[in-house]
Structure formats: C-alpha cells, structure tokens
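Position 1 is the first residue of the sequence; numbering continues from there. All values below come from the heavy atoms of this structure, side chains included, with hydrogens, waters and symmetry mates left out.
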Amino acid sequence: MEEVPLSENHRTCLGLSSATSERRLMKFTIDRDVLAEAVGWTARSLPARPTSPVLSGLLITAENGEVAIAGFDHEISARQVVEADIEQDGTCLVPGKMLADICRSLPSAPVEFAASDSKVFISCRSAKFQLAAMPLVDYPELPELPEVSGTVNGTEFARAVSQVLVAASKDETLPILTGIRLEVQGDTMTLLATDRYRLAMRELTWSPTNPEISAQVLIKSKTLAEVGRTLAGSGELSIALPDAHELIGFEAASRRTTSVLMDGDYPNIRALFPEETQIHAVIRTSDLAEAARRISLVAERNTPLRLAFSETGEVVIDAGRGDEAQGSETLQAHLSGQEVTVAYNPAYLSEGLGAFTTEFVRFSFTEPTRPAVLSGQDEILGDDSTEYRYLLMPVRLPAD
C-alpha cells in the first residue's frame with residue numbers, strides 16, 4: 001500500500017509544521033510529575049478574574065539547567081524552580097489554568113516542552129498539545145524577593161496560621177478584618193486574627209537576622225493560608241518582611257511567593273485579653289468538641305450552646321428550650337472559682353476547640369457576660385499554655 005503523506009492540518013495538530021516554520025525560542029525535557037507539581041502550585045496563585053488577559057498566564061523561563069515557572073497579578077507572585085534537560089534557553093508565556101490541566105492529564109513519562117514565536121508544543125509519549133503563546137511584551141515584571149528577615153520552622157508556622165485562621169473574618173464589607181496581623185519583636189513572632197466575635201492569637205519563636213527587629217504587617221488571610229499549606233511543609237521557611245516596596249516574601253526549598261500588604265489600621269485586639277481572671281474551668285478537649293458537635297444538631301440558626309459549670313465537677317452542655325428540639329450532655333470538668341453558666345455560638349466554639357492540640361482546654365472567665373479566654377494544657381490540674389489563646393464572646397442568655 002502506498003504511504004500517504006500527512007496533510008498540513010495533520011502536521012499542525014502534531015506541532016510539526018509550526019516547529020519547522022517558526023523560530024524556536026525554547027526547548028527542554030522534564031519529568032512529568034515534576035512539571036505537573038510545579039505548574040499546579042504556581043497556577044493556584046493566578047486570579048480567577050484577571051484584570052488583563054496576560055495575568056492568566058504562567059511565565060516559563062529555561063536557562064542554566066533549570067526551568068522557572070512563575071505567575072503574577074500585581075498583588076501576589078508565585079515562582080518555583082525545577083531541574084530539567086535544557087536543549088535551548090528561552091522564555092514564553094502560557095495560559096496557566098489550561099497548562100495545569102494538561103500537565104495533570106499527561107501519562108507518567110518524560111515531557112518535551114518547546115516554544116516558538118507564537119506557539120507552545122507539549123508532547124508526552126503519544127499525547128501532543130499545541131497552545132497559542134501569550135504576548136510577553138505585555139507581561140509585568142516579576143517583583144524581587146525583599147531581603148530575608150529571618151527563618152522559622154515551617155511545620156510550626158503552618159500550625160500557627162491554621163490556629164488563627166479560624167478567627168479571621170469572611171465579611172468583605174470589613175476588609176481589614178479579613179487579614180491576619182503578623183508581628184515580630186526580637187525572636188518572638190505573633191499571629192492575630194478577629195471577626196469581632198472571637199479572637200485568636202498564637203505566639204511562636206523564630207530566628208531573625210537582626211535580634212532587635214520590630215515590625216507589624218497585615219496580610220490577606222487567604223494568602224497566608226496558602227503559604228502555610230504549600231510552603232511551610234518544605235522545612236525551614238524564610239520570611240522577608242517589607243522594605244520600601246511594601247512587599248512581604250516567603251521562600252522554602254525551590255518555591256517563593258510575594259504579596260502586597262493590606263492597608264489600614266488594625267484594631268488593638270491584644271487589649272481585649274483580660275489581665276486577670278477569677279474563674280477557671282478545665283475540660284478534656286476531645287470530649288467537649290464531640291459533645292458540642294452532637295448537641296449542635298438541635299441548635300437551630302442563632303441558637304446558642306449553653307455550658308453550665310458546677311462545683312460538683314461537671315459541665316452540662318445543652319441547647320433548645322420549650323417546644324424546640326432539645327439536647328444535653330454532661331461531662332467532667334474541674335472548676336476553680338464560682339459556678340458559672342455561659343452560652344456560645346456553636347460554630348465559633350467548635351472551630352476554636354478544633355484549633356487546640358492539647359489534651360485539655362481551659363476556660364478563663366472574669367464574669368459570665370464577658371469574653372472567655374480558651375487556652376490549652378496537658379494535664380487537668382496543670383498549668384495552661386499561653387502560646388495559643390482563643391477569646392470567645394458569649395451570647396447573652398434571656399435571663400441575663
């Protein structure tokens with residue numbers, strides 16, 4: 001049978017005609033899993049609704065045996081560097097979300113990546129893709145990482161972020177409360193967040209380059225949460241506090257991200273923590289969390305959970321009254337001070353309890369109508385730890 005030559009359309013679909021008719025600007029080969037992971041992480045920072053089409057692209061640069069993949073939307077930048085077999089150095093701009101989807105779908109085999117003046121070619125075994133390259137001339141210059149201010153244990157930082165994140169507001173009408181405040185004073189770092197109904201504060205130790213450093217910045221909670229999830233697990237995390245460009249930067253292993261800061265004066269929420277408390281109640285954290293979850297099933301919208309602490313060494317958790325659905329559960333609790341009955345929003349109480357990793361949680365009260373401070377402790381009769389504190393506003397009961 002006579003062999004029929006490929007048509008021009010077939011050649012174009014396979015990335016052949018364009019590869020030969022246009023000048024090659026870049027070509028490299030890379031492991032599929034390495035490429036998919038780097039592209040996927042960087043693409044997560046791309047805006048859902050970009051102000052300019054080029055901001056939906058990923059900037060790919062190949063040189064010196066490495067490929068850098070980056071994204072930037074004038075507020076947040078993300079960049080990861082991976083090793084690759086570079087045949088020809090170069091730079092191209094590729095539609096980010098589409099590239100991430102393609103890379104995830106490729107078979108487990110080496111990927112050949114090439115770019116010409118106007119097209120990008122991706123091939124892996126028999127799978128071949130051709131994408132239109134985006135105009136490099138319109139892409140903004142990536143920000144430089146500010147000078148590193150210090151390092152912190154990545155795992156500890158991620159846990160600290162998750163603990164304060166529960167109290168960050170989701171109400172965009174008060175944008176300043178949707179951020180997390182990061183303070184450093186010497187070798188102490190403090191994270192704070194509030195939505196006006198609860199407050200979370202976590203202190204941890206870090207290693208600053210300047211032992212006399214003092215700084216306060218406000219960062220979008222979404223940005224800091226992403227840093228905690230994807231950077232902090234890489235070991236030591238470097239933090240670059242703002243310079244004249246008002247950027248904060250984070251770097252771990254081969255990844256780095258920068259973000260502009262939020263504007264505005266954050267409230268002095270530290271002052272809300274009482275200096276002294278006269279009433280203390282200690283409960284096993286897991287027991288209270290499970291009981292609160294169960295009793296919340298009968299707590300309709302805006303119905304609080306009531307906690308009645310007694311000198312008999314018990315706390316009764318209940319919800320519902322009258323003809324409403326009702327539920328109650330009794331747990332052991334160690335009370336120091338007068339008996340007290342308080343009520344809390346079920347979700348706020350459960351989210352706060354979920355942030356503790358200690359076996360017991362301590363409630364510290366000044367009086368029932370004032371906020372309670374929750375802190376963790378390892379033994380029921382031991383001392384509490386103040387590295388993480390969760391301040392919770394009570395719901396006023398009808399009898400109050």
Side-chain angles (χ1 to χ4, degrees), residues 31 33-45 61 64-72 76-84 142-165 168 179-193 200-243 245-261 355 357-358 385 387-388:
D31 179 81
D33 291 341
V34 172
L35 179 64
E37 185 270 341
V39 169
W41 175 76
T42 313
R44 279 199 293 270
S45 68
T61 304
N64 301 324
E66 293 181 332
V67 173
I69 303 169
F72 183 43
I76 297 172
S77 76
R79 183 175 183 268
Q80 181 164 352
V81 178
V82 292
E83 293 184 354
L142 289 170
E144 294 293 330
L145 189 74
E147 184 178 350
V148 172
S149 306
T151 59
V152 65
N153 179 281
T155 302
E156 189 71 6
F157 183 81
R159 187 162 73 93
V161 170
S162 68
Q163 287 178 309
V164 299
L165 186 64
I180 292 177
R181 183 173 170 90
L182 185 152
E183 302 176 353
V184 293
Q185 188 66 48
D187 64 357
T188 299
M189 176 183 293
T190 306
L191 301 176
L192 303 105
M201 183 172 76
R202 170 67 197 277
E203 292 183 343
L204 64 159
T205 301
W206 78 315
S207 301
T209 54
N210 175 12
E212 304 298 323
I213 190 171
S214 178
Q216 304 84 36
V217 295
L218 186 62
I219 312 164
K220 290 182 177 180
S221 59
K222 179 181 178 182
T223 300
L224 208 54
E226 184 67 16
V227 169
R229 280 194 298 266
T230 64
L231 285 186
S234 302
E236 188 175 75
L237 176 67
S238 297
I239 300 178
L241 292 172
D243 54 14
H245 301 294
E246 293 299 315
L247 283 177
I248 189 168
F250 302 90
E251 187 171 24
S254 62
R255 293 174 172 176
R256 80 166 206 200
T257 186
T258 65
S259 174
V260 297
L261 301 176
T357 58
T358 51
S385 169
E387 74 172 18
Y388 177 63

[atom1]-[atom2] distance between [X] and [Y], expressed to the nearest 0.5 angstrom:
X: Ser254; Y: Glu83; atom1: OG; atom2: CD; result: 9.5 Å
X: Leu145; Y: Ile239; atom1: CG; atom2: CD1; result: 11.0 Å
X: Ile213; Y: Met189; atom1: CD1; atom2: CE; result: 8.5 Å
X: Trp41; Y: Glu226; atom1: CH2; atom2: CD; result: 8.0 Å

Partners of [X] by side-chain hydrogen bond (donor to acceptor under 3.5 Å, both in side chains), sequence neighbours excluded?
X: Thr258; answer: Ser77
X: Thr190; answer: Arg270
X: Trp206; answer: none

Closest approach of [X] and [Y], non-hydrogen atoms and distance?
X: Pro211; Y: Pro208; answer: CA-CG, 4.2 Å
X: Val152; Y: Thr205; answer: CG2-O, 3.9 Å
X: Ala168; Y: Ser221; answer: CB-CB, 4.0 Å
X: Leu231; Y: Ala252; answer: O-CB, 3.4 Å
X: Gly179; Y: Leu218; answer: C-CD1, 3.9 Å
X: Gly71; Y: Leu142; answer: O-CD2, 4.2 Å

Residues two or more places apart in sequence or in another chain: which of them pass salt bridge (charged side-chain N to carboxylate O under 4.0 Å, His left out) with [X]?
X: Glu66; result: none
X: Arg79; result: none
X: Arg181; result: Glu183
X: Glu203; result: none

Using side-chain contact (heavy atoms from CB on, under 4.5 Å) as the criterion, point out the one residue from Val39, Val34, Leu35 that pairs with Val82.
Val34
Which residues satisfy the side-chain contact (heavy atoms from CB on, under 4.5 Å) test with Ile219, sequence neighbours excluded?
Leu182, Val217, Thr223, Leu224, Ile248, Phe250, Leu261
How would you list, by chain and number, every residue that makes a side-chain contact (heavy atoms from CB on, under 4.5 Å) with Thr42, sequence neighbours excluded?
Leu58, Ile69, Ala78, Gln80
Please examine the side chains of Leu241 and Val184, heavy atoms only from C-beta on, and report whether any two atoms are closer than 4.5 Å.
yes
State, yes or no, whether a side-chain contact exists between Pro242 and Leu247 at a heavy-atom distance under 4.5 Å.
no
Please list all pairs meeting salt bridge (charged side-chain N to carboxylate O under 4.0 Å, His left out) that have one or both residues in residues 154-165, counting only residues at least two apart or in different chains.
Glu156-Arg159, Glu156-Arg202, Arg159-Glu387
Per the side-chain hydrogen bond (donor to acceptor under 3.5 Å, both in side chains) rule, what does the pair list look like for residues 209-220, sequence neighbours excluded?
Glu75-Lys220, Gln185-Ser214
Hits for ring pair (Phe, Tyr, Trp, His ring centres under 6.0 Å) against Phe157, two or more places apart or cross-chain, chain-then-number order -> none
